[in-house]
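What follows is one structure encoded as structure tokens, with my remarks underneath.
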Amino acid sequence: MTVDLLTTSHYDHLTPTVRRTLLDVYSDVYADEITTNPFFSLERFEERLDMHSSVTGWGCVVAEVGDAVAGFTYGRPERDASTFGLCEIMLREEWRGRGIAEVMHSELMGQRREERARLLVRRERPRIRAHYESWGYRHAGETLPFPDSPLYDVMVLDLR
């Protein structure tokens, strides 16, 4: 299957329709972990989504192939205002390996005025970390953002 009908949409507010789209994709991507790990439950994701989207400057890109939502990415400016915190990049399994995640990322980063982007990658996912490194991100430390979250590697990308 080719991906010649890829479209992206950019949002700067979390509307009910966009919210439903993000929750649907999240439910697919985290189907196994939603019921087994409280940190990845749908309710906890909604809490994080509400917290992130309440920040002025929140941005989201949704990718569709034909009528199917392939995935999304979103983030918000961090406290220092010179860093954009990339909170999520999610792609449904059937659309992985086709460059769609990088397109979504580029679309979102192209809208940003911050000096750098920062994202977190679960420590136990070195292949994903290597993928971000191929986009120009570099390792900048580690963090435990919530008491019940997994350990994350901090990745930084210069935007300017």
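Remember, it's a predicted structure, so these values are computed and weren't measured experimentally.
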When you look at Arg118 and Glu78, which way does the salt bridge (Lys or Arg N to Asp or Glu O under 4.0 Å) test go after all the steps? CA-CA 9 Å; Arg118 177 181 173 269; Glu78 294 189 351; 3.0 Å; yes
Within-4.5 Å side-chain heavy-atom neighbours: Leu108 and Phe84: yes
Applying salt bridge (charged side-chain N to carboxylate O under 4.0 Å, His left out) to Arg113 and not counting sequence neighbours gives none
Please check if Leu159 and Leu120 belong to a single hydrophobic cluster, counting links between Ile, Leu, Val, Met, Phe, Trp and Tyr side chain heavy atoms closer than 4.5 Å. no
Please list, chain by chain and in numerical order, all residues satisfying side chain to side chain donor-acceptor pair (under 3.5 Å) with Glu124, sequence neighbours excluded. Arg122
If you compare all heavy atoms of Ala117 against all heavy atoms of Met109, which two are closest, and at what distance to 0.1 Å? CB-SD, 3.7 Å
Hydrophobic cluster membership, with links at side-chain heavy-atom distances under 4.5 Å among I/L/V/M/F/W/Y: are Ile128 and Trp95 in one? yes
Could you note down all residue pairs passing ring pair (Phe, Tyr, Trp, His ring centres under 6.0 Å) where residues 133-160 supplies at least one of them, sequence neighbours left out? Phe39-Phe146, His105-Trp135, His105-Tyr137, His131-Trp135, Tyr132-Trp135, Tyr132-Tyr137
For residues 6-16, dump all side-chain donor-acceptor pairs below 3.5 Å to protein atoms at least two apart in sequence or in another chain.
residue	atom	partner	partner atom	Å
Thr15	OG1	Val18	N	3.1

Measure across Leu144 and Pro147 and return the closest heavy-atom pair with its distance rounded to 0.1 Å. CD2-O, 4.3 Å
Closest non-hydrogen atom pair, Leu91 against Ala101: CD2-N, 3.9 Å
Honestly curious: do Leu49 and Met90 fall in one hydrophobic cluster under the side-chain, below-4.5 Å linking rule? yes
Determine which pairs satisfy salt bridge (charged side-chain N to carboxylate O under 4.0 Å, His left out) with at least one residue from residues 148-157, sequence neighbours left out, and list them in order. Arg44-Asp148, Arg123-Asp153, Arg129-Asp153
What pairs with Thr83 under side chain to side chain donor-acceptor pair (under 3.5 Å), at least two apart in sequence or on another chain? Asp80, Arg116
Set of salt bridge (charged side-chain N to carboxylate O under 4.0 Å, His left out) partners for Asp32, sequence neighbours left out: none
Is it true that, when you exclude Arg160 itself, more than 12 heavy atoms of the residues, nucleotides or ligands shown sit nearer than 6.0 Å to its CZ? yes
Would you tabulate the side-chain donor-acceptor contacts of residues 60-77 under 3.5 Å, counting partners in other chains and residues two or more places apart, or write 'none'?
residue	atom	partner	partner atom	Å
Thr73	OG1	Glu88	O	2.7
Tyr74	OH	His52	ND1	2.9

Salt bridge (charged side-chain N to carboxylate O under 4.0 Å, His left out) involving Arg19 - partner list, sequence neighbours excluded: Glu46, Asp50
Acceptor/donor pairs from residues 22-30 side chains to any protein atom, 3.5 angstrom cut, sequence neighbours excluded:
residue	atom	partner	partner atom	Å
Asp24	OD1	Arg20	NE	3.1
Asp24	OD1	Arg20	NH2	3.0
Tyr26	OH	Phe40	O	2.7
Ser27	OG	Leu23	O	2.9
Asp28	OD2	Arg92	NE	2.5
Asp28	OD2	Arg92	NH2	3.0

Hydrophobic cluster membership, Ile100 vs Leu86, 4.5 Å side-chain cutoff: yes
